[in-house]
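All chains are named by letter (A, B, ...) in the order of the sequence lines, taking the proteins before the strands, and each is independently numbered beginning at 1.
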4 protein chains.
Amino acid sequence: MALPAPLTGVVPPVCTPLTADREVDVPSLLRLVDHLVAGGVDGLFVLGSTSEVAYLTDRQRLLVTETVAGHVAGRLPVLAGAIDMSTPRVLDHVAAVTAAGADAVVVTAPFYARTHPAEIARHYRLVAARSTVPVIAYDIPVAVHTKLPAPLLLELAADGVLAGLKDSSGDLAGFREVVTGARALPGFSVLTGSELLVDAALALGAHGVVPGLGNVDPHGYVRLHRLFRAGDLAAARAEQERLCTLFGMVTVGDPARMGPGSAALGAFKTALHLRGVIACPVTAAPQIPLTTEETERVAKFLSGAGLL
Amino acid sequence: MALPAPLTGVVPPVCTPLTADREVDVPSLLRLVDHLVAGGVDGLFVLGSTSEVAYLTDRQRLLVTETVAGHVAGRLPVLAGAIDMSTPRVLDHVAAVTAAGADAVVVTAPFYARTHPAEIARHYRLVAARSTVPVIAYDIPVAVHTKLPAPLLLELAADGVLAGLKDSSGDLAGFREVVTGARALPGFSVLTGSELLVDAALALGAHGVVPGLGNVDPHGYVRLHRLFRAGDLAAARAEQERLCTLFGMVTVGDPARMGPGSAALGAFKTALHLRGVIACPVTAAPQIPLTTEETERVAKFLSGAGLL
Amino acid sequence: MALPAPLTGVVPPVCTPLTADREVDVPSLLRLVDHLVAGGVDGLFVLGSTSEVAYLTDRQRLLVTETVAGHVAGRLPVLAGAIDMSTPRVLDHVAAVTAAGADAVVVTAPFYARTHPAEIARHYRLVAARSTVPVIAYDIPVAVHTKLPAPLLLELAADGVLAGLKDSSGDLAGFREVVTGARALPGFSVLTGSELLVDAALALGAHGVVPGLGNVDPHGYVRLHRLFRAGDLAAARAEQERLCTLFGMVTVGDPARMGPGSAALGAFKTALHLRGVIACPVTAAPQIPLTTEETERVAKFLSGAGLL
Amino acid sequence: MALPAPLTGVVPPVCTPLTADREVDVPSLLRLVDHLVAGGVDGLFVLGSTSEVAYLTDRQRLLVTETVAGHVAGRLPVLAGAIDMSTPRVLDHVAAVTAAGADAVVVTAPFYARTHPAEIARHYRLVAARSTVPVIAYDIPVAVHTKLPAPLLLELAADGVLAGLKDSSGDLAGFREVVTGARALPGFSVLTGSELLVDAALALGAHGVVPGLGNVDPHGYVRLHRLFRAGDLAAARAEQERLCTLFGMVTVGDPARMGPGSAALGAFKTALHLRGVIACPVTAAPQIPLTTEETERVAKFLSGAGLL
């Protein structure tokens, strides 16, 4: 299907359920997609950071995209990450996910090699020139160690290179600069990945949100978005604060024993497992799993939010 | 061939010559290998950062490894980078380069996703368990944004997980801790990637060096290593200082127009082109090429070093 | 006067006008205070980052505090920065500014020496134990290279160590955690220093704002605050966006020639000079002054905002 | 006395002994100076990072400088840190320590406010223009978050602004660039602060070393320097490796409970206390003290080195 221009609403980055031996668990993935669709989301983003894209082999990436795109079958737009270190490698992923049915590709700045704004601009121009679907910029400095500057994004948007932005930078002032600047570019979609600030981002003028926690509670994010669009800001804020409390689950993993990625993805998958959506909470290697005691603390976050 | 234990001497990271349309230039790659072998090097490292591994597609990586391993045909050990974001993706590269003839694999800490020492240890243990060739740790925080701690490296070395270290961290004190600690582990190879401090690293007890500039002047690095081993420290220092001056070529690319990677790799490839080793100085996308005037400045560095 | 608990509204960090030979320009400082009071602000913050506190000698810091506190004479609360590297040095500043009439002190985490959360907690506890006026935490990682964690701030607030927070971290999600957690602590004041996100911060529940740009346009920030409190969110957002455009003046200083501090403080002081508030736009050494052409561009920002 | 040009040899940064109530312990400071002089050092550096300069009040800084300069009475050169955030504040310290008898001042790049190379150059030029004693640049990015570029240092050295460099950056390649470039500037002194790489730094051409661990074992560093100058490189390396092992004491402080500064300075002062040089191992607030068990581990390091 053609990507809506602009894309709006709630577009969760879809977790990738794995089996105990760390293969893609297709039945669980299908149940997760159904869970999200039933929650009322407006699109799906596969192969994002929350999908453990950094840990999936090319074969697994392909399987995920085919599975989700085939199952959704045009009911919702499916965005797919084409996440790799440089233009030539990204182009290979763009070709693969497009062939597998993705309606748009999501692309970060180059990483591993140190980069420069002129090189980032060239990267997006080359990718867009070769992509048959719209290209959305993914600003995630915590992963790629480069911040996409607002003026650069607006220049690429004005030139038709970019169809949108998924901002996971945490820099809401920079995000505002893009939102304000993009008002003159009607089809350009500005989405926030800051799941703790959705009400604030929508108030600035964002089109939508890509919330990792939306895997666990899609209904909550859809409700938050609808309350905001309906003008009930106080209720939207209350819903956001409830979701902020639920997000506390990402802190149960012991930081002396694991990194923040293991803790966050482990909590989301544990919650999906406890809610009966996926069969197994395992994360990809070399991430560290949650303990039984940590799992119980995730359960308490779910109970507290009325989700268990 | 079996990797020497320890591997010693000069093991340059081999540049990847490209054609004007950015395909691997096999004839130039063969000439470059011959140039390095003629220079007297002790091994070759393909698919390292200097090889633009971050920019090469899987198909290109395979072609490079097969080409070099086939051409060398056991005369020298060939190390190959298996550079990717996480354990499952690295394992795919390990399988590919090993099948293509690599005698050892060189592996960084995970990147993109934030990582933790316990996850890094698990990463190397899983890779080593599945690799049929020795695994060498590649410490390059400028690329992966994590420093490999000396105690962790020594633990993995003592457990037989790692066969060596290629240190491009710039932290010579941490490097010394590994060199000193590894004296009890006779086969473990400690190599520096700090091409400006080879004399100092050898004086601490390093086994060898992996110098990017060694593409341009392999004879210089081989001479430096031999002078040091012969005990002529003053002459080794003088040779090192000559090479430091030559290294100044990496500063000719205008930092207002390109990143440090474009400047360094552009200078090395321009120098190889000017010396008649490779057919074309082009670097992979989205890197920025040197201008004619910058190329002339590279030529002056070569003339000054008696290499043109 | 006693600090309001909580302190609310607009509390600009007061620029420190200097003479051409870089002494405190007392007449200009008095005019600036009158300009801010006439703008309707709710308090004044002297010796903050925007006040060039890092550049003022102890003698100058004392003169500024005495001048402003004496002139205000209890009409508004006067907060003073006690900005230095460690507890003993901060305590000297606390004693000095309190004697000079400050109603509260504003204190960062230790800097220069690397610090630890346990040391930061100890720092604030020791400062509060010796201060006769309320202590407000100043979270400014760009200057001190440490982020104050929300749980630590809430613990210190609950223990009565801290009376408030001035957040210049740019991390609105962390700020929200403090705002939400501090609802149970009625006197605690949560102020944002993010002058581009005041509407968003107030919507989360912030008590007020400390805007550097408020020197140039105090009426604008007071209007923004009042519109928000009156519930006219659309008008508040429009006012905020007008101020965001005005803030663009901080980009006129050429980044090839000066740092971002020289550019921002130079623009604010140039604007105050052009508006006739201060006699001289000079900044303290070793900052770089704006050129005539850059000054003209600041003037255009003022004209565009109807301030010239 | 006039500073030797170049200053060479071992110039320890002198710890500042404190009493239990955290005042300067003058008798202990005098004993420490005698201990260092008896060890054969070539100069003394007061008010450096190892001296806890960041924690000392102006009154304490003055007392330290007067005490040491008065006691040394011209037998050795006394360097004093003038460590503060900006030019005007540094100039106040320069005047104070010079009046107290310092033979040279040691000055970092500006900190707290973000800075630019042009501002750093201006800073040193203004300080030197007003100082009556030689100015030595102090490159310590871990504290000031800026690296002094080698070309800038060489430019300032050539212009007579700087008399030397104390390099605590850990970047030995950059240090080498200064050492090599300064050969044309005969009086300029290049000193390393990397106490674990003294043999390597001297081999590159450094004039001397400023080792924090030299408080604990001045004889060791003097021996290392003399062995190197006598051409016995193997014995110099063995002495350096012994000192590296002794340096392990900085790791006994639990990183879950304190920062690296508390751990390192706590270990040095504990060692000086155990060796009977100073009366009390206390460090300045808000640093965290070592426990009894950690103190015992410091003692083991001393015993292992034959120093107890």
Could you have a look at [options] and say which one has the most heavy-atom pairs with chain A under 4.5 angstrom?
options	answer
B:Pro255, B:Ser262, B:Ala121, B:Ala284	B:Ser262
B:Arg125, B:Met85, B:Glu119	B:Glu119
B:Gln287, B:Glu52, B:Met258, B:His123	B:Met258
B:Val142, B:Thr115, B:Val144	B:Val142

#### Entry: chain B interface, residue from A:Pro260, A:Ala113, A:Ala118 that has the most non-hydrogen pairs under 4.5 Å
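Looking at each of A:Pro260, A:Ala113, A:Ala118 in turn, A:Pro260 comes out on top.
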### Message
For chain B, which candidate among A:Gly259, A:Ala143, A:Pro110, A:Pro286 shows the most heavy-atom pairs at distances under 4.5 Å?
### Response
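Winner by heavy-atom pair count: A:Pro286.
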### Task
Measure distances from A:Pro117 to the heavy atoms of chain B and classify the residue's part below 4.5 Å as side chain, backbone, both or neither.
neither
#### Entry: Which portion of A:Ala263 sits near chain B, non-hydrogen atoms under 4.5 angstrom
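For A:Ala263, no heavy atom lies under 4.5 Å from chain B.
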#### Entry: Whether B:His145 and A:His145 hold their rings parallel, tilted or perpendicular, with breakpoints at 30° and 60°
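Taking A:His145 first and then B:His145, their aromatic rings lie parallel (interplane angle under 30°).
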### Query
So how far is it from A:Thr57 OG1 to B:His93 NE2, rounded to the nearest 0.5 Å?
10.5 Å
### Atom pair CG (A:Asp84) and CG (B:Asp84), whose distance is rounded to the nearest 0.5 Å
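It is 6.0 Å, given to the nearest 0.5 Å.
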### Query
Hey, are A:Tyr112 and B:Thr108 close enough side-chain-wise for a donor-acceptor pair under 3.5 Å?
no
Is [X] close to chain A through its backbone or its side chain, or both, or neither, when contacts mean heavy atoms under 4.5 Å?
X	result
B:Ala264	neither
B:Ile288	both
B:Arg257	backbone
B:Ile140	side chain

### Salt-bridge contact B:Asp58-A:Arg89 (side-chain N to carboxylate O under 4.0 Å)
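Looking at B:Asp58 and A:Arg89, the cut-off is met.
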### Task
Determine the minimum heavy-atom distance between B:Ala285 and A:Pro88, stating which atoms define it.
O-CD, 3.2 Å
